[in-house]
Structure formats: C-alpha cells, structure tokens
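Remember, it's 1-based here, ligands and their atoms both numbered in the order they're listed.
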Amino acid sequence: MTTATTSGVVPESDVELFSPAALMDPYPHYAELRGLGPAVYLTRYDLYGVFRYEHVRPALIDWERFSSADGVAMNPRTNELMAGSILGMDPPRHKAVRKAFDEALRPKYVRKVTDDLERLAGELVEDLVRRGEFDGVRDFARKLPVAIVLDLIGFPRDDQREQILDWALGAFNFMGPAGDFQASSLPDVQELMQYLTTKATPAKLLPGSFGQIVWAAVERGEITEQEALMTMSAYACAGVDTTIAGISSTLWLLARNPDQWAAVRQNPAAIPGAFLEGLRVEAPVQSFARVTTCDVALDDVTIPAGSRVVLSYGSANRDEHRYPDPDRFRVNRNPSDTVAFGFGVHNCPGRALATMEAHALFGALAERVTRIEPAGEPTRSPNSITRGLDTLPVRVS
Ligand code: HEM
C-alpha cells in the first residue's frame, strides 16, 4: 500500500524492503519507491528512505543535516554497540579518526602492493584457465582480498582468517532494521568482537600494518582505545567482503554479457570503467542510514528533524533519471559519479585499494581469456546492507 505526496507530506509505503525475499531482488522495489517521491516513509520500519540519485548524493555531502553521529545502522542496539566507529561520527571528531585510515590507505602506500597484486592475479588466472571451470567467488574474487588485504590490515596469519569474512557479513546484517532476521546475526558480531579483543590485539598484528598505524594513533593520544577497536572492526567489515562482492558481481555481469567482455578485450583501457559499472549495477553496500538534525525539505516534501533516514546507494545507482537504461550493464558507460563508494566526508577510504585489486584481476583475465560464460546458476544470501554472491559457476576459454 502506498500514499502519494500531498502538499509537503512525505509519501508512505508499507513495502517490506528488508525482508529476506525483497533483499534477494530489491530493484523493482527501489523503482517503485523512487517513483513515490523525493523521500518515502517506510511504515514497516519507522524509517524514512531516500532513493533518488538527485537526493542521495547531496545528502551524503550534507553531514550537518544528515548526521552520522547517532550511527549509520538502522536499529538502536547496533548503533550503541558501534559507538566509537568511524562510520558513526561527524566532523570534527570524524576528521581526527579518519586521518589514521587515510594515512594507511593513501594510494602511494597502497601502490607498494601493486607488484604483488599483479603477480598473484596472473598466477591465479593462469591456473583458472587451465581448469576451465571454477567458482567465481571462492576461486577468483576472494583470493586477492584474503591473500593481500588481510595482511595489509595486519590480522595474524592463523586459521581464523577466513572466518572474518563470514563474521563481517553477519555484522553488516546486524545493522539492518530490528527484527528476527537482523537479530539472527548476533553470534557473528560477538565472535568478531571476541576475535578483535583476544586474537588481533596490537602485539599480535603484523608489523607495518594498517592495524599498527591505528594503535600508534592511540599511543599518540589522537584516538581512544574504543575508537581503535571499532576502527579494526570497520577494516574487518568494510575491507574484504565489499571488494569480493564487487569483483564477483562484475565477473557475473561480464559472463552474462559476452559483447561487453569482447569490448573490454578490444580495449583493456575500459577495465576501470567496467569495474565501476559493475559496482553501479550491483552496489556491494546497498544502503546506510543517517539522522536528520533539523526539518529537511527535499523538493515538495519535508523529513522531520530527528528522523532516521536510509540513504540507498543501490537505488541511486539504478536511477533512470541519472543513468539511462539503468539496469543494463555497459562497460563504456564509465559512471565515475556512481555513489557505490559513498560520497562526502565518509566516502570510502579503501577505494584505491579495491580498485587496484579489481584492475589486476580483470587485466589478467583480459590478457588470457577470450570467453567467459555462466556454468550454472549463481547463489546469494540475503543481507540487510551488502549485496554479493555466495557462489558463481563460470567457464572460461
Ligand atoms: C568495492 C569495494 C568497496 C565498496 C563498494 C565500499 C563501499 C563503501 C561505502 C559506500 C562507504 C560509505 C559509508 C557511508 O556513507 O557512511 C564506505 C566507507 C568505508 N570503507 Fe569502503 N568500500 C569498499 C572497499 C573498502 C576497502 C578495501 C576498505 C579498507 C581496506 C574500506 C574501508 C572503508 C571504511 C573504513 C569506511 C568508513 C569511512 C568513514 O566513515 O569515513 N572499504 N565504503
């Protein structure tokens, strides 16, 4: 049931946008919600939502009116647990904590791993070409983030490493609107926190890693211990699964659109644009929330002060008013203005690293593979925040 806009009143929708079924294919719902108005009140969740590109992007810059300080999750319990996370801060505090991230993830620092990334990507793809058929998530998209990014972050090389990926997905799900589906992820959150406080302690982190940079900032008195712990949690959550989702979704889109793979092979300079287009079509982070600090007018409707508002990157990226024929994957579209990495003060500090990983992998494929095709149906699990595949059978030649 929906109610159309009448003079200043935000239209309402009772769509169950965060039900497992809707999360498996949210795009028809996004299209309907975009059509309703600049903002929509989601009655099932007591949340407002902004779904149009023209309003999502400006809201991401406007931290004074769309604040992150009360957390970016969609339920109060998670926001309390995440207190001290960089995601849940506004300037000026955000600036101080963000310095530690920017220092670690600066392109000149990250570029030090370019050779490793390219060598590993080349070896990996040669092996996959020999095999012919493989799983695009486990055998392709996961390899570089697990081999290189977990090292960069500094997590000890123990047998719990790969579990971080599952805990992180659970932690994202725990950020969704309160309910059974969201609450079912609590054990993942607990295990991740247990790991961070007992196994990934400052003394056990790998030398020279991002983690050590973060804890050095505690010693200099720039950030608190709680902020450092939440920073490590942000690295664990944001740093690996998002990249895996982006790379595997792009591979899936290329496998289903052979003409687009042919275009990439003809012109490898199109690889950066192809990855951006993959992130536009299948945004790995679908949405985060903000809280309005005053009444906010968006065109003809007003979101009341103190409202929790979902900003939908996933919907903005498929907005037909911004991207003609938005559901089509076109490698030459080059959507440099996509909000897949966010925008404004919280824009993703890991963008250069994720992009380098993707370029290394798709570059290695373009050199060696003429055809990529689906070898079965991919599978996915619903998640309140992220969108990615669990398995992706593909064949290459
Ligand atoms: C394709 C891969 C990635 C995607 C799509 C992605 C997406 C995003 C988005 C949408 C935000 C904005 C959050 C907001 O608006 O509140 C964000 C922030 C963040 N990302 Fe990424 N990310 C990716 C890779 C990475 C990597 C590789 C790292 C670190 C190694 C990372 C670390 C972070 C952190 C720490 C933040 C919080 C920044 C802040 O609040 O100031 N991300 N990311």
Run the side-chain donor-acceptor check on residues 115-126: report pairs under 3.5 Å with partners two or more places apart or on a different chain.
from	atom 1	to	atom 2	distance (Å)
Glu126	OE2	Arg368	NE	3.2
Glu126	OE2	Arg368	NH2	3.2

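Between Thr78 and Asn75, the side chains place a donor N or O and an acceptor N or O closer than 3.5 Å (distance only, hydrogens not considered). The closest side-chain donor-acceptor pair between Ser67 and Asp90 falls under 3.5 angstrom.
The side-chain heavy atoms of Lys204 and Thr198, taken from C-beta on, include no pair separated by under 4.5 Å.
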Sub-3.5 Å pairs, protein N or O with ligand 1 N or O:
from	atom 1	to	atom 2	distance (Å)
ligand 1	15 (O)	Arg290	NH2	2.9
ligand 1	15 (O)	Tyr313	OH	2.6
ligand 1	16 (O)	Arg290	NH1	3.2
ligand 1	16 (O)	Arg290	NH2	3.2
ligand 1	40 (O)	His346	ND1	2.6
ligand 1	41 (O)	His94	NE2	2.6
ligand 1	41 (O)	Arg98	NH1	2.8
ligand 1	41 (O)	His346	ND1	3.4
ligand 1	42 (N)	Ala238	O	3.4

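The cationic group of Arg65 does not satisfy the cation-pi geometry with Trp63, failing either the under 6.0 Å distance to the six-membered ring centre or the 45° limit from the ring axis. Taking the centre and axis of the six-membered ring of Phe51, the NZ or CZ atom of Arg34 falls outside the cone set by 45° and 6.0 Å.
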